[in-house]
Number of protein chains: 2
Amino acid sequence: MSNLKAVAEHSKVSIATVSRVINNDPKVSRETVLKVQASIAALEYKPNRVAQRLRSSNSKTKLLGLIIPDIQNPFFVDVVRGVEDYAYQNNFAVMIGNFGQDEKKEKLYLDIFQSENIDGLIVAPIHGKDKGIENLVKKNIPVVCIDRGLTEIDVDVVKVDNELGAFNAIDHLLNMGHKRIAFISGNFKIPTYIERMSGYKKALEKHGVPFDESLVFARNTDYKSGFEIAQKILELEQRPTAIFSGNNLLTLGALEAIHAENIKIPEEISIIGFDDMPWSISLNPPLTAVRQPGFDMGRKAAEMLYERIANPGKKKENVILKTELMLRKSTTRIE
Amino acid sequence: MSNLKAVAEHSKVSIATVSRVINNDPKVSRETVLKVQASIAALEYKPNRVAQRLRSSNSKTKLLGLIIPDIQNPFFVDVVRGVEDYAYQNNFAVMIGNFGQDEKKEKLYLDIFQSENIDGLIVAPIHGKDKGIENLVKKNIPVVCIDRGLTEIDVDVVKVDNELGAFNAIDHLLNMGHKRIAFISGNFKIPTYIERMSGYKKALEKHGVPFDESLVFARNTDYKSGFEIAQKILELEQRPTAIFSGNNLLTLGALEAIHAENIKIPEEISIIGFDDMPWSISLNPPLTAVRQPGFDMGRKAAEMLYERIANPGKKKENVILKTELMLRKSTTRIE
DNA sequence: ATTTGTCATGTAAACGTTTACATTTATCAA
DNA sequence: TTGATAAATGTAAACGTTTACATGACAAAT
């Protein structure tokens, strides 16, 4: 790879001048600019971003870190796309780390990204008291949390009104006459699930239905957990008439379990999923789901990160987007 | 962030010695090692990977680039997971770029990754004559192609036997009596679709069914294309009895179109998709599909990249994995 | 006592940039 | 002519590492 020195020699100027041309410094004569640009083209010179980042943190070639809990979850894929969309338009590169709900792995990525001198980080914390992320914030490294916030410290957040989203889903089921509604949740260390649980409870309360702890199942947030928990639910002596499932993958896993038992949805059991998918309509049956605007969340987070980088002192922001209940065919009225 | 110098001062040795301790150089006394390690811990020192990469390319802190065509496609998500799995175990960081089948964006990521001094690249080329990737290979930057190869140049490749995969799918349909089989393909610039097309033709040939060009539709590889092409197919005067769809997203899009028209699968039309998904069983109806081992492909590619980095001169490898036809309920026999 | 060798450590150059500061040259006012 | 000012360019330090080479201390061999 050719470097500044090569270009400088080729156009018979100093490397400082070449650097100035690259950075559009006005203090260089038109003549020299043209000469240097010709050399740059001739040698196919590309600035070395590693050297740029080592030398100065406020260069124009920014590097963003993005840490997500589970890339298999289409919701987070949407988030990634949103972040990338904004980054691409603004000439950032994005480094992605997927920690698969593994706290150690999250910590590793935090360390790596930090020592890669990233200019900013977008992260969905594994829990609300994440010390690693708190540290970054304290060090004044620009951080935006997505999907989940931090409880101990003030930080930029983009999330969704999880409580209301869950409330509306459960309210809908209760309105249709359901009383025994199982909740397949993710781990309650994760803030989102605490909030969804709270919405679940509030809806029950509103309808005067007593809360039954034995209907709540919290494990991991993957396909397999959804499958296994649903199996258990279906075996219950007094089977619930409806299932509320906490995320995309849990829903898909639960569907597999239900289909494996040849149980009819919604005639024998209703189901609502948190997280919509483009192909929800093609599921058997078309799935009623709580839609989160993943792409928009990603884009917004990137935008906020950009602003935070430009203006580190600025007041922390807390953006809460709305969910939408997509009514389809996986729920029905019962007497 | 503390640096070598700070650690050196803290433990009253030179920075060279500290560096040696970090890199486990045996030529340093036990006593000093302990002293330095204590300082490292006290100051929470983390090596700066940017400086490491600038200084030497054969350090232990490697950075891999991964460029994929479409992160919305669950197949590529599996690939990402496979790559990451291997990378994580071997202490690499992975930088992901998603180019969304946009050639310009692919080029941009190629440039960025190169100027980030990546140690190696895993990429699914947008087409077989990708000059950008050819250049990297010529510059002796370790590259492994995944899902798709390069025609003009010898390079490491991990892919799947697309021709045979498609052949088996079409053969299955023909065996069930189908003769008019539509093919929803991606763009024929992409090598995979050329190969799948070839398998499609060979199967027709085997059964003596004449090839009908008007049944082949090639556009993009996204959900929307699948939806729109399927709409067209359903409007055909003499409607095909079966659809073979070229990838995950095309299949899901096509399903939506079919369901929107209230057409029964498989009674009124059969469908086989290239690419299986974990939740294929929960689709309406459970989808018959050609499974590709995405995770294994990613893992294998990372492994090959690792070997190529260690041994750049080694002979290029061409790994072709097998597909598997997953028989479910979306196809039926016709007379 | 001198030489040789080994081990531990230090010194300084290098990686490719950016940038504060210094230098050169030209322009113009007095 | 001199000095001041401005414009264009160059010089060199810095970012945080790694590493070839130099140095120094000490023990063993002569």
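A, B, ... follow the sequence lines: proteins, then strands. Residue 1 opens every chain. Here the structure is a predicted model, which is why all the values come from computation and not from measurement.
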- With a 4.5 Å heavy-atom cut-off, do A:V80 and A:V94 have their side chains touching?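 A:V80 does not reach A:V94 side chain to side chain.
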- Message: What I want to check is whether an N or O donor and acceptor connect the side chain of A:R20 with the base of D:dG10 at under 3.5 Å.
- Response: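 Side chain to base: pair found, below 3.5 Å.
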- Task: Classify the side chain of B:R55 versus the base of D:dT18 as yes if they form a donor-acceptor pair under 3.5 Å and no if they do not.
- Result: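 For B:R55, whose side chain was compared with the base of D:dT18, there is a donor-acceptor pair (under 3.5 Å).
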[N] phosphate, OP1 or OP2: any side-chain N/O from [X] under 4.0 angstrom?
X: B:N3; N: D:dC15; result: no
X: A:T32; N: D:dT9; result: yes
X: B:S56; N: C:dA14; result: no

Can you tell me how far [atom2] of [N] sits from [atom1] of [X], to the nearest Å?
X: B:D25; N: D:dT17; atom1: CG; atom2: P; answer: 17 Å
X: A:L54; N: C:dT19; atom1: CG; atom2: C1'; answer: 14 Å
X: A:Q52; N: D:dG16; atom1: CD; atom2: P; answer: 17 Å
X: A:R30; N: D:dA7; atom1: CZ; atom2: C1'; answer: 15 Å
X: A:L43; N: C:dG16; atom1: CG; atom2: P; answer: 14 Å
X: A:K27; N: C:dC21; atom1: NZ; atom2: C1'; answer: 14 Å
X: A:K46; N: C:dT17; atom1: NZ; atom2: P; answer: 12 Å
X: A:R53; N: D:dA14; atom1: CZ; atom2: C1'; answer: 18 Å

- Can we say B:E84 and B:R81 salt-bridge, meaning some charged N sits less than 4.0 Å from an Asp/Glu carboxylate O?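 No, this pair does not count.
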- Message: Whether B:E116 and A:R53 form a salt bridge (side-chain N of Lys/Arg under 4.0 Å from carboxylate O of Asp/Glu) is what I want to check.
- Response: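 The answer is yes: the pair qualifies as a salt bridge.
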- Query: Between the side chain of B:D119 and the main-chain N/O of B:L63, is any donor-acceptor distance below 3.5 Å?
  - Reply: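 Pair found, side chain donor or acceptor close to backbone of B:L63.
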What contact category does [X] fall into here, base, sugar-phosphate, or nothing, at under 4.0 angstrom with non-hydrogen atoms?
X: B:S19; answer: base
X: B:R49; answer: nothing
X: A:V13; answer: sugar-phosphate
X: A:I15; answer: base

- Task: Inspect the surroundings of NZ in B:K139 and state if more than 12 heavy atoms from other residues, nucleotides or ligands are less than 6.0 Å away.
- Result: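 Yes, because the 6.0 Å sphere around NZ of B:K139 holds more than 12 heavy atoms from other groups.
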- Message: Atom NZ of residue position A:K105 - does it have more than 12 heavy atoms of other residues, nucleotides or ligands inside 6.0 Å?
- Response: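 For A:K105, atom NZ is crowded (more than 12 foreign heavy atoms under 6.0 Å).
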Looking only at side-chain atoms of [X], point me to the closest of [options].
X: A:N48; options: D:dA20, C:dT19, C:dG16; answer: C:dG16
X: B:S14; options: C:dA8, C:dT18, C:dG10; answer: C:dG10
X: A:T17; options: C:dG16, C:dT18, D:dG10; answer: D:dG10

- Task: Find which nucleotide of DNA chain C each of B:K35 and A:S2 is nearest to by heavy atoms, and output the residue with the more 5' nucleotide.
- Result: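 Nearest nucleotide further toward 5': that of B:K35.
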